Amino acid sequence: MPELTPISFFSRFEEDILSGAKTITLRDESEAHFIEGETLSVSTFEDERWFCNIKVISIKKVAFHQLDDTHAMQENMPLDMLKSLIQEVYPGVEQLYEIKFSLV
Ligand SMILES: CC(=O)Nc1ccn([C@@H]2O[C@H](CO)[C@@H](O)[C@H]2O)c(=O)n1
């Protein structure tokens with residue numbers, strides 16, 4: 001079996017991903033290469049601990065200024081918190097990619 005494509009998340013999101021509360025992630029161009037339908041192996045960013053597999057449902061371009069409550073809901077956090085988080089992770093980046101996923 002070929003190895004699954006890896007993706008990492010900050011460990012503080014593990015619980016939300018496993019419970020199904022978080023169903024999208026917003027990434028920059030460097031992580032826009034995933035393919036719809038493919039299964040990804042998910043590990044924590046901090047200690048590279050595997051914790052689940054997810055399936056990519058869709059990948060859509062979304063600009064930072066277009067982020068709205070629908071994105072925030074799917075991230076399971078308020079919009080202002082999501083925006084400040086993204087500004088910390090991706091300072092100055094306007095072009096983002098919404099990766100919608102489901103637990104395998
Ligand atoms: C190395 C690296 O960039 N890792 C990332 C990047 C982003 N994210 C999360 O995706 C959403 C939007 O950015 C928020 O929930 C972020 O915290 C993450 O968990 N891990």
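We're numbering straight along the sequence, starting at 1. Just so you know, ligand 1 is whichever comes first in the structure, and atom 1 is the first atom listed for that ligand. These figures come from a predicted structure and were not determined experimentally. Excluded from the calculations below are hydrogen atoms, water molecules and symmetry mates; all remaining heavy atoms, backbone and side chain alike, are included.
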- When you check the side-chain N and O atoms of Glu29 and Tyr97, is any donor under 3.5 Å from an acceptor? yes
- Nearest non-hydrogen protein atom to atom 13 (O) of ligand 1, with distance, is Leu26 O, 2.8 Å
- Part of Phe10 with heavy atoms under 4.0 Å of ligand 1, whether side chain, backbone, both or neither: both
- Item | Nearest neighbour in protein (non-hydrogen) for atom 11 (C) of ligand 1 | Glu75 OE2, 3.0 Å
- What residue and heavy atom of the protein are closest to atom 8 (N) of ligand 1, and at what distance? Arg27 NH2, 3.6 Å
- Contact check, Lys22 vs ligand 1, heavy-atom distance below 4.0 Å: yes
- Is the number of heavy atoms from other residues, nucleotides or ligands under 6.0 Å of Glu48 CD greater than 12? no
- Determine yes or no for a side-chain-to-main-chain donor-acceptor pair under 3.5 angstrom, with Gln66 supplying the side chain and Ala63 the backbone. yes
- Item | Distance filter under 4.0 Å to Ser8 heavy atoms, resulting ligand 1 atoms | 20 (N)
- Lys/Arg N to Asp/Glu carboxylate O, Arg27 vs Glu98, below 4.0 Å: no
- Looking at Phe64, does the NZ or CZ of Lys83 lie under 6.0 angstrom from its six-membered ring centre and within 45 degrees of the ring axis? yes
- Provide, to 0.1 Å, the distance between atom 3 (O) of ligand 1 and the closest protein heavy atom, together with that atom's residue and name. Tyr90 OH, 3.5 Å
- Using modelled atom types only, decide if a donor and an acceptor are shared between the side chain of Glu14 and the backbone of Phe51 within a distance under 3.5 Å. no
- Message: Which of the numbered atoms in ligand 1 are under 4.0 angstrom from any heavy atom belonging to Phe45?
- Response: 1 (C)
- protein heavy-atom neighbour closest to atom 9 (C) of ligand 1 works out as Thr25 OG1, 3.7 Å
- Task: Note the single closest protein heavy atom to atom 17 (O) of ligand 1, along with its residue, its atom name and the distance in Å.
- Result: Phe13 CE1, 2.7 Å
- Task: Indicate yes or no for a side-chain donor-acceptor contact from Glu31 to the backbone of Asp28 under 3.5 Å, with no hydrogens or angles considered.
- Result: no
